[in-house]
There are 2 protein chains.
Amino acid sequence: MPDVKHFDPEAVLDSAEELFWRRGVTSTGVRDIVSATGVNRSSLYATFGGKRELYVAALRRYADRRSGPVFRRLAEDDRGLPAIADFFRALIRARCSGEHARWGCLVTNAHAGPEQDDPDIRSVLQDHHDRLRAAMCAALERARATGGLRPDIVPATSADVLALLAYGVNLRSRAGASPEALDETVTAVLASLATRPEEIR
Amino acid sequence: MPDVKHFDPEAVLDSAEELFWRRGVTSTGVRDIVSATGVNRSSLYATFGGKRELYVAALRRYADRRSGPVFRRLAEDDRGLPAIADFFRALIRARCSGEHARWGCLVTNAHAGPEQDDPDIRSVLQDHHDRLRAAMCAALERARATGGLRPDIVPATSADVLALLAYGVNLRSRAGASPEALDETVTAVLASLATRPEEIR
DNA sequence: GCTAACTTGGAACGACCATTCCAAGATGGC
DNA sequence: GCCATCTTGGAATGGTCGTTCCAAGTTAGC
């Protein structure tokens with residue numbers, strides 16, 4: 001039997017995800033991942049393939065382990081509009097303060113860079129977008145079921161609006177947009193959906 | 001008296017803007033600008049300083065000559081909401097088809113990359129954002145003046161919403177979002193602002 | 001036509017990049 | 001203890017990056 005890995009690939013992906021997220025794909029070199037993890041170049045290449053594969057894996061990991069649970073929680077929340085309001089409040093808080101302040105969203109950032117030409121990456125972006133829309137749509141349909149949605153609102157269409165709004169928040173938070181202003185902006189959109197705007201927060 | 005420049009700096013900036021826009025800052029090398037313009041390295045450095053300065057100048061140029069006129073037209077348009085609808089229609093058309101299809105917006109792209117750490121670049125982004133918001137706000141106030149805006153709408157706040165929406169359009173268009181879907185999304189937002197939603201297009 | 005001032009061409013520099021290669025080391029079954 | 005098999009360390013490769021430097025060329029006034 002052969003030798004066994006002397007490191008944890010999952011931990012390496014965690015580090016890679018953080019580096020790609022914080023500093024971007026092009027600004028993050030393999031040497032940065034080497035020095036952040038302590039794992040040797042050769043082991044990295046033997047395990048993952050190369051920088052591209054490392055990035056794709058980190059991006060998938062981000063979509064699965066960061067966005068995924070949040071989207072799921074949103075989709076399964078019975079409250080409708082308040083669930084969406086909570087989603088955005090948490091989003092804005094995460095983007096503007098704490099450990100990841102001003103990092104934006106790894107998937108949103110990927111949209112704007114040259115990495116999005118890659119078919120594998122493109123499919124992650126599309127998948128992420130579809131999941132976000134679906135979660136928003138589910139929450140809106142719950143709002144409709146409880147009469148919280150204005151009659152002229154079409155959940156699927158407004159889900160697209162809210163998804164684009166989330167991208168806007170992710171993007172502008174990187175430039176230092178104030179959380180209060182973002183909150184107010186989001187609240188205005190939610191108010192336009194609600195039967196009783198005063199109940200959304 | 002000294003020798004005089006053998007090339008047009010403005011034309012160089014045009015080329016640089018196009019390259020940075022299409023392929024991104026990090027993927028565009030000085031050599032690319034050299035071969036696109038035919039201007040020698042030394043002349044580039046003597047005239048502009050370096051890559052960073054070239055990028056900042058190209059970004060400023062984009063904001064002034066691409067976004068500027070569009071924002072001005074929007075702000076000066078008397079029609080209110082139809083002016084905003086036209087703005088978005090033209091935006092979506094430009095982002096999804098024609099010469100610049102899938103390039104997104106140079107300023108929007110700058111938000112997501114590592115270039116936004118630079119104070120000079122950051123100030124261009126902020127300025128661009130403020131101008132966009134102001135133009136939207138002006139158009140909304142005209143809508144209000146003609147009774148086209150729902151009474152509960154606050155122009156300044158909805159201007160922020162529309163600005164974030166524009167960033168979302170810019171971003172998603174790069175990933176290949178369909179112009180029809182984007183149109184529908186934008187129309188839904190405008191309908192939520194209008195006293196008579198059926199009149200916005 | 002001379003000269004001072006500036007531009008231009010092209011080579012050269014040093015740093016960094018992703019990737020490869022190979023010898024040395026470690027492992028688990030026999 | 002041996003060996004096949006994989007991992008690991010570290011040097012090396014070939015390329016590209018932004019930038020610099022200097023000699024040669026070009027210009028406009030005198």
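Chain identifiers are assigned alphabetically (A, B, ...) following the order of the sequence lines, protein sequences preceding nucleic acid strands; residue numbering begins at 1 within each chain.
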Practice problem: Quickly work out the A/Arg31 CZ to C/dA15 P distance and round it to whole Å. | Solution: 12 Å
Practice problem: Measure the distance from CZ on A/Phe7 to P on D/dC6 and round it to the nearest whole Å. | Solution: 15 Å
Exercise. Starting from P on C/dC16, measure out to CZ on A/Arg41 and report it in whole angstrom.
Key: 12 Å
Practice problem: Please round to the nearest 0.5 Å and tell me the distance separating atom CG of A/Leu74 and atom CZ of A/Arg131. | Solution: 14.0 Å
Exercise. For B/Glu115 and D/dG18, give me the distance from atom CD to atom C1', rounded to whole Å.
Key: 16 Å
Quiz item: What integer distance in Å separates B/Asn40:CG from C/dA11:C1'?
Solution: 11 Å
Quiz item: Is there a side-chain polar atom (N or O) of B/Ser43 under 4.0 Å from OP1 or OP2 of C/dT8?
Solution: yes
Quiz item: Roughly, in whole Å, what's the span from NZ in A/Lys5 to P in D/dC6?
Solution: 11 Å
Quiz prompt | Ring centers of B/His128, B/Phe71 separated by less than 6.0 Å | solution = yes
Quiz item: Mapping B/Asp32 and A/Gly38 to their closest nucleotides on DNA chain D, which lands nearer the 5' end?
Solution: A/Gly38
Quiz item: Between D/dG25 atom C1' and B/His6 atom NE2, what is the distance in whole Å?
Solution: 8 Å
Quiz prompt | Straight-line distance of A/Glu17 CD to A/Leu13 CG, nearest 0.5 Å | solution = 8.5 Å
Practice problem: Output, in order, the C-alpha distance, side-chain angles, deciding distance and verdict of side-chain hydrogen bond (donor to acceptor under 3.5 Å, both in side chains) for A/Lys5 and A/Ser43. | Solution: CA-CA 8 Å; A/Lys5 264 185 228 306; A/Ser43 311; over 6 Å; no
Quiz item: Of all the choices, D/dT8, C/dT19, C/dG10, which nucleotide is nearest to the side chain of A/Ser42 once you look at every atom?
Solution: D/dT8
Practice problem: For A/Thr26, report the nucleic acid contact type (base, sugar-phosphate, nothing); a contact means any heavy atom under 4.0 Å. | Solution: nothing
Quiz item: What is the nucleic acid contact for B/Thr28, judged by heavy atoms within less than 4.0 Å: base, sugar-phosphate only, or nothing?
Solution: sugar-phosphate
Quiz item: A/Ala46 or B/Lys51: which one's nearest nucleotide on DNA chain D is closer to the 5' end?
Solution: A/Ala46
Quiz prompt | Value rounded to 0.5 Å, distance of CG in B/Leu193 from CG in B/Leu162 | solution = 6.0 Å
Quiz prompt | Which nucleotide in D/dT19, D/dA11, D/dT26 has an atom nearest any side-chain atom of B/Tyr45 | solution = D/dT19
Exercise. Send over the distance from A/Leu44 CG to C/dT20 P, rounded to a whole Å.
Key: 13 Å
Quiz prompt | Nucleotide nearest A/Asp3 when distance is taken to its side chain, options C/dA18, C/dT27, C/dC17 | solution = C/dT27
